[in-house]
Amino acid sequence: MSAHIAIIGSGQLARMMALDGIPMGLQFSFMAETTEDTVCVASLGTVVVRSEDMKAEDLYKALGSPDVITVEKEHVDIDLLKSLQAFCPVHPNPNALEKFKNRRVEKAFLQSLNIPIAPYKSVRTESDLTAALAELNKPVFLKTEEEGYDGYNQYKITDENQAQVLAEINYPGDWVAEAGIPFEREVSFIAARSESGDIVYYTPSENYHRNGTLLTSLAPAPGLSEAMINTGKQYLKDMLTQLDYVGVMCVECFVWGDKLLVNEIAPRVHNSGHWTTKGALTSQFENHVRAVAGLAFGSTQAHGISGMLNLLGVTLTAEQASDSHTFLTLYGKNVRPRRKLGHITVNADTHEEAKSRVNALREMAYGK
């Protein structure tokens, strides 16, 4: 089968999807907004920069009349995607993506499926925030309903900084205030669903963040009970089935005692699944393009233990980060503080060995 996939977005996730799909005979094109950098997908297919007056049919033709359209991010123009459905399938479907574009809507959807989440309050006014701070456990995390990610557009509110934050917020606003959860760790569950309803699951990973952005992952997540793994899979199955979802989805969860609380949903390939490029028989990127192109899934079986280090505003050379168990992936971006410039994956026989390798690379990249 030869198919043409258009990707809405032009970042590193689009790049990695295309790089895994091209050897299979798939063709790619990309849509970028005027503010987006296209260096990641240069030479991988036609890149169309969308103008304000471009209609859906014009965009579809400029993209090369693709057989299917997918996305690399949830913050997309839902109305545009719905318009593009007149010309070809869009996976995941826009109605599903719409659920996860807005934090408040996402949380309401999770509650409708009886999937547990941290207590939260919707915030529009100063009195809303004052009431939320009085009711929710601190620290309270105040996040914009849309566009807040990787620590951006977010406040961590404590008793010490509460007055300062209250003075900085502009009202009215669209915010969600989330109660702080004394979780032991965060884990990610990733699965892919086909148009026929088949679902494949990856082993869950344990994640460590710095300044709100993922820094390292370890897969399989050490010491995670079979019951908790099955619970995470069930959360994914319920959402994927309810939404008639096609493609990869990631669920980030808090482990709190014997509870598994959903923190955030990513309706796309996800940073915490980068370990699959060298740590699983079939990467999350390849299985996503297989799903949207109507191809059978590849095996998600893991190769031993894997670790992943994000390169955030720093980079390493191949000489520094390549041996028989270490694999460097750079995205071709210019260096900028906190910018995702690449990642490194490692393979090992034990969790301790994988942690040691990741820690050594982290010290090399970021210093002690």
### Query
Does L84 belong to the same Ile/Leu/Val/Met/Phe/Trp/Tyr cluster as V246, with side-chain heavy atoms less than 4.5 Å apart forming each link?
no
### Task
Tell me yes or no: between the side chains of Q234 and D238, is some donor less than 3.5 Å from an acceptor?
yes
### Query
Counting N and O atoms only, with roles assigned by atom type, does the side chain of H351 sit under 3.5 Å from a partner on the main chain of P220, one being a donor and the other an acceptor?
yes
### Query
Taking 4.0 angstrom as the limit, do E74 and K101 come out as a salt bridge?
no
### Carboxylate-amine/guanidinium proximity below 4.0 Å for E264 and K143
yes
### Task
Taking R15 for its side chain and S10 for its backbone only, find out whether a donor-acceptor pair lies under 3.5 Å.
no
### Query
Out of T231, I229, I115, which one pairs with L260 under the side chain to side chain contact (heavy atoms under 4.5 Å, CB included) rule?
T231
### Summary
Separation between CD1 (I190) and CG (L236), nearest 0.5 Å, reads 9.0 Å
### Ionic contact status for E145 with R104, cut-off 4.0 Å
yes
### Donor-acceptor pair, side chain of T277 and main chain of H274, under 3.5 angstrom
yes
### Task
Treat each ILVMFWY residue as a node, draw an edge where side-chain heavy atoms are under 4.5 Å apart, and state whether L309 and L341 are in one component.
no
### Query
Does the R193 side chain pair with the main chain of Y245, one donor and one acceptor, at a distance under 3.5 Å?
yes
### Query
Applying the side-chain hydrogen bond (donor to acceptor under 3.5 Å, both in side chains) test to N271, which of T213, N310, N207 qualifies?
N310
### Task
Please confirm whether K156 makes a cation-pi placement over F141, using NZ or CZ under 6.0 Å from the six-membered ring centre and within 45° of the ring normal.
no
### Task
Considering only NZ, NE, NH1 and NH2 on the basic side and carboxylate oxygens on the acidic side, decide whether K73 and E36 come within less than 4.0 Å.
yes
### Query
Any ion pair linking D37 and R339 (charged N to carboxylate O, less than 4.0 Å)?
yes
### Task
Name all residues meeting the side chain to side chain donor-acceptor pair (under 3.5 Å) criterion together with E135; count only those two or more places apart in sequence or in a different chain, and write none if there are none.
K121
### Task
Could you name each residue pair satisfying ring-ring contact (aromatic ring centres under 6.0 Å, His included) that touches residues 291-336, not counting sequence neighbours?
Y331-H343
### Task
Could you tell me whether a side-chain N or O of H270 sits under 3.5 Å from a main-chain N or O of S272, the two making a donor and an acceptor?
yes
